[in-house]
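Structure first, then comments.
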Amino acid sequence: RLLGHSVHQMLIVFPVGLLATAVLFDVAYLASGRELMAAVSYWVMAAGLIGGLVAAPFGLVDWLAIEPGTRARRIGKVHGLGNVVMLALFAVSWWLRGSADEPPAAAALALSFAGAALAMFTAWLGGELVARLGVGVYERANVNAPSSLGEHEGEPRQLHGH
């Protein structure tokens with residue numbers, strides 16, 4: 001936790017946004033044939049992969065804190081393993097591209113699209129963990145809850161599913 005919030009939840013916005021943007025540039029490349037779009041995708045994908053590698057250990061720490069035998073623990077396992085596979089799909093896509101100076105092969109594009117599809121599912125699972133199961137959510141969360149930066153009663157809810 002950092003200032004009362006899960007570090008993983010703070011960091012995942014970067015790889016999710018960057019990898020989604022890389023896919024959008026792949027689509028722009030396919031639509032326009034402009035190799036510049038593929039080059040931008042190459043570098044944005046690299047940044048997204050780095051972001052994913054930074055966010056992943058914090059997600060593992062959060063998952064290990066979830067009470068065993070709970071639905072949240074099972075969903076967290078699928079979420080985490082799915083994200084490992086998703087990052088692997090993007091990593092192979094990036095590797096197959098060779099460099100930003102080469103247009104991507106069909107396999108590299110297919111892998112980035114598959115990674116994006118899987119990311120949609122794993123992001124939904126992450127939302128299920130936070131929004132439905134309350135993992136990492138302040139125990140007394142409400143529309144008038146005190147700031148996590150100030151003095152207040154209670155502690156953030158432990159990362160468990162109840």
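Since the model is a prediction, treat every value here as computed from it, not as a measurement.
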| said: Tell me whether Thr21 contacts the main-chain N or O of Gly17 through its side chain, where contact means a donor paired with an acceptor under 3.5 Å. | reply: yes

| request: Measure the NE2-CH2 distance between His79 and Trp63 for me, rounded to the nearest 0.5 Å. | output: 12.0 Å

| task | Flag yes if Leu81 and Leu49 sit in one hydrophobic cluster, no otherwise; membership is Ile, Leu, Val, Met, Phe, Trp, Tyr, and two members link when side-chain heavy atoms are under 4.5 Å apart. | result | no

| CG on Asp101 to CD on Glu35, rounded to 0.5 Å | 9.0 Å

| query | Would a hydrophobic clustering, with Ile, Leu, Val, Met, Phe, Trp and Tyr connected at side-chain separations under 4.5 Å, put Leu36 with Val44? | reply | yes

| note | Across all chains, not counting sequence neighbours, the ring pair (Phe, Tyr, Trp, His ring centres under 6.0 Å) partners of Tyr29 are none

| field | Exam field: side chain Arg73 to backbone Glu67, donor-acceptor pair closer than 3.5 Å | value | no

| task | Could you tell me which residues satisfy side chain to side chain contact (heavy atoms under 4.5 Å, CB included) with Val16, sequence neighbours excluded, listed by chain and number? | result | none

| message | With heavy-atom distances below 4.5 Å as the criterion, would you say the side chains of Ser41 and Arg97 are in contact? | response | yes

| said: I need the Arg132 CZ to Ile75 CD1 distance, nearest 0.5 Å. | reply: 10.0 Å

| said: For the CD atom of Glu102 and the CG atom of Leu96, what is their distance to the nearest 0.5 Å? | reply: 10.5 Å

| field | Student check: side-chain heavy atoms of Asp62 and Val135 closer than 4.5 Å | value | no

| said: Between Leu19 and Val23, is there a side-chain heavy-atom distance shorter than 4.5 Å? | reply: no

| remark: Residues Gly48 and Leu18: closest non-hydrogen pair is CA-CB, 3.6 Å

Please list every donor-acceptor pair under 3.5 Å in which a side-chain atom of residues 108-131 meets a protein atom from a residue at least two apart or in another chain.
residue : atom : partner : partner atom : Å
Ser112  : OG   : Asp26   : OD2          : 2.7
Ser112  : OG   : Leu109  : O            : 2.9
Thr122  : OG1  : Asn83   : OD1          : 2.6
Thr122  : OG1  : Leu118  : O            : 3.4
Thr122  : OG1  : Ala119  : O            : 3.3
Glu128  : OE2  : Arg71   : NH1          : 3.4
Glu128  : OE2  : Arg71   : NH2          : 2.9

| message | Hydrophobic clustering (ILVMFWY, side-chain heavy atoms < 4.5 Å, transitive) - are Phe25 and Trp43 grouped together? | response | yes

| remark: Tightest non-hydrogen contact, residues Pro104 and Ala38, listed as CD-CB, 3.4 Å

| note | All heavy atoms of His8 vs all of Ala55, minimum pair found to be ND1-O, 3.0 Å

| field | Connected via hydrophobic side-chain network under 4.5 Å: Leu53 and Phe14 | value | no

| request: Treating Ile, Leu, Val, Met, Phe, Trp and Tyr as nodes and any side-chain heavy-atom pair under 4.5 angstrom as an edge, say whether Leu89 and Val78 lie in one connected cluster. | output: yes

| field | Flag, side chain of Trp94 to backbone of Tyr42, donor-acceptor distance under 3.5 Å | value | yes

